[in-house]
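This report concerns only the one structure given below.
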Amino acid sequence: MDRYLVFGHPVRHSKSPFIHTLFARQTQQELEYGLAEPAVDEFAQALCTFFDQGGKGCNVTVPFKEQAFTLVDQLSSRAKRARAVNTIKLTDDGVLLGDNTDGAGLVADLKSHGVTLADSRILLLGAGGAARGALAPLLAELPSELVIANRTHTKAQQLAAEFCDLGPVTAQTYELLAGPFDLVINSTSASLQGELPPLAPGLIHADIAIYDMMYGATDTPFIGWAKQHGARQTMDGLGMLVEQAAEAFTVWRGIRPGTKQVLRELKRNLGVI
């Protein structure tokens, strides 16, 4: 039976085995999907061993995405742009192909919620790996402007300069942000620490769409804060998790699974519904 893994540290909390088991059942694909949590300095060896022992593909999550980028034989165009790999496939020719499905998953989830990206003004909070993976797919949707805000302004500037050939992307400090924005995406991990990005409440209005890449059984701190200040449409990253997994499954198996029922089952598993 074909074997797949998700590599991360920590990774025991991962819902990827649950999601991919449902995808396999839905598409009548025979595979098994497990977890691997090597020590941070043992990822390269663990990855090599997995494929030497017959593994067909894997997902890669924190903190190994940038390292995976350097370990594969070939990169997809979106992995090259993101400079991070979250999906690896062993091709029929024995080549390790690295891909990045995070941004595609984000865009697919936003569209499933009816969010219009074309001609919209988007604010992206954070300039780390999650933001990097999201930029190219977001800019491909032709927003009127995409503004990156980050605590370290020079990092946001560097990221904007790197992606400016793909569309109208700029960098700004939190203090000088000027609305209105149609969509705010929080790519920072602040919600994991129960913290908030230093965003002025005045940027929130009733018609804005708020997206937090983090998720949980209850509202993330950022979503709760946005609702408190009048945002009516708020979304967490659970749908993105399922959509990027569907994209990875398609890379591996050549068949696209449906995501709506799987997302409902995942929410039920988490106690969200």
Side-chain angles (χ1 to χ4, degrees), residues 81-82 102-215 219-240 243-244:
R81 270 291 181 177
D102 286 333
L106 170 65
V107 168
D109 193 36
L110 286 166
K111 289 183 174 181
S112 76
H113 284 94
V115 176
T116 299
L117 298 173
D119 296 321
S120 64
R121 191 162 185 254
I122 301 172
L123 173 59
L124 180 62
L125 306 179
R132 177 179 286 278
L135 274 167
L138 285 172
L139 289 167
E141 297 298 319
L142 305 179
S144 62
E145 185 182 15
L146 194 155
V147 179
I148 304 170
N150 189 60
R151 290 181 187 272
T152 306
H153 184 48
T154 54
K155 194 172 181 181
Q157 288 177 311
Q158 291 167 359
L159 201 56
E162 187 175 335
F163 284 83
C164 66
D165 62 308
L166 299 183
V169 56
T170 59
Q172 190 54 272
T173 63
Y174 279 101
E175 295 80 14
L176 297 179
L177 284 172
F181 292 99
D182 301 297
L183 168 65
V184 178
I185 301 170
N186 180 24
S187 77
T188 76
S189 60
S191 289
L192 292 178
Q193 286 80 44
E195 300 172 355
L196 292 169
L199 195 64
L203 290 174
I204 306 300
H205 55 87
D207 296 324
I208 202 169
I210 297 292
Y211 195 99
D212 194 340
M213 289 188 185
M214 302 298 108
Y215 63 88
D219 284 345
T220 67
F222 183 63
I223 285 177
W225 174 85
K227 282 182 176 179
Q228 180 184 347
H229 292 285
R232 293 184 299 201
Q233 184 178 20
T234 58
M235 300 149 281
D236 68 14
L238 198 61
M240 176 182 172
E243 293 290 350
Q244 67 81 21

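FYI, the numbering just counts along the sequence from 1. From a predicted model like this one, the values you see are computed outputs, not experimental measurements.
Leu138 is listed as a side-chain neighbour of Ile185, based on a closest heavy-atom distance under 4.5 Å. Residues Pro143 and Leu117 are not in side-chain contact: their nearest non-hydrogen atoms beyond the backbone lie 4.5 Å or more apart. With a 4.5 Å cut-off on side-chain heavy atoms, Met240 and Tyr211 count as touching. The closest side-chain heavy-atom distance from Val115 to Met235 is below 4.5 Å. Proximity of Ile204 to Pro201: side-chain heavy atoms (C-beta onward) are nowhere separated by under 4.5 Å.
Heavy-atom minimum distance, Asn150 versus Ala156: CB-CB, 3.9 Å. Minimum interatomic distance between Ala131 and Gly126 (heavy atoms only, all atoms of both residues): CB-O, 3.4 Å. A pairwise comparison of heavy atoms in Leu203 and Ala178 identifies CD2-C, 4.1 Å as the closest pair. The minimum heavy-atom distance linking Asp165 with Glu162 is given by the pair OD1-O, 3.4 Å. The nearest pair of heavy atoms linking Ile148 to Ala127 is CG2-CB, 4.3 Å. Closest non-hydrogen pair, Met214 versus Ser189, comes out as SD-CA, 4.4 Å.
When atom types are taken as modelled, the side chain of Gln233 and the backbone of Gly114 share no donor-acceptor pair closer than 3.5 angstrom. No donor-acceptor pair under 3.5 Å is formed between the side chain of Asp102 and the backbone N or O of Gly133.
Legend: residues meeting side chain to side chain contact (heavy atoms under 4.5 Å, CB included) with Asp236, ordered by chain and number and at least two apart, are Tyr215, Ile223, Leu238. Considering only residues two or more places apart in sequence or on other chains, His153 meets the ring pair (Phe, Tyr, Trp, His ring centres under 6.0 Å) condition with none of them. Take His205 and apply the side chain to side chain contact (heavy atoms under 4.5 Å, CB included) test, not counting sequence neighbours, and it matches Pro180, Asp207, Ile208. Take Arg121 and apply the side chain to side chain contact (heavy atoms under 4.5 Å, CB included) test, not counting sequence neighbours, and it matches Ser144, Glu145, Val147, Phe181, Asp182. In this view, Leu166 and Arg81, Ala136, Leu139, Phe163 satisfy the side chain to side chain contact (heavy atoms under 4.5 Å, CB included) rule, not counting sequence neighbours. Taking the side-chain hydrogen bond (donor to acceptor under 3.5 Å, both in side chains) definition, one finds that Thr220 meets it with Asp212, sequence neighbours left out.
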Go through it in stages, so that I can follow the logic: the residues are Leu106 and Met213, the test is side chain to side chain contact (heavy atoms under 4.5 Å, CB included), and I'd like the CA-CA distance, side-chain angles, deciding distance and then a yes or no. CA-CA 8 Å; Leu106 170 65; Met213 289 188 185; 3.8 Å; yes
Going through the distances and angles, do Leu124 and Val169 end up as a side chain to side chain contact (heavy atoms under 4.5 Å, CB included)? CA-CA 10 Å; Leu124 180 62; Val169 56; over 6 Å; no
With side chain to side chain contact (heavy atoms under 4.5 Å, CB included) as the test, would you mind laying out the steps for Leu135 and Leu159 before giving the verdict? CA-CA 9 Å; Leu135 274 167; Leu159 201 56; 3.5 Å; yes
The test is side chain to side chain contact (heavy atoms under 4.5 Å, CB included); show your working for Leu199 and Leu125 and say whether it passes. CA-CA 9 Å; Leu199 195 64; Leu125 306 179; 4.2 Å; yes
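A side chain to side chain contact (heavy atoms under 4.5 Å, CB included) with Phe222 holds for exactly one of Thr234, Thr188, Val184; it is Val184.
Rounding to the nearest 0.5 Å places OG1 of Thr170 at 10.5 Å from CD of Gln157.
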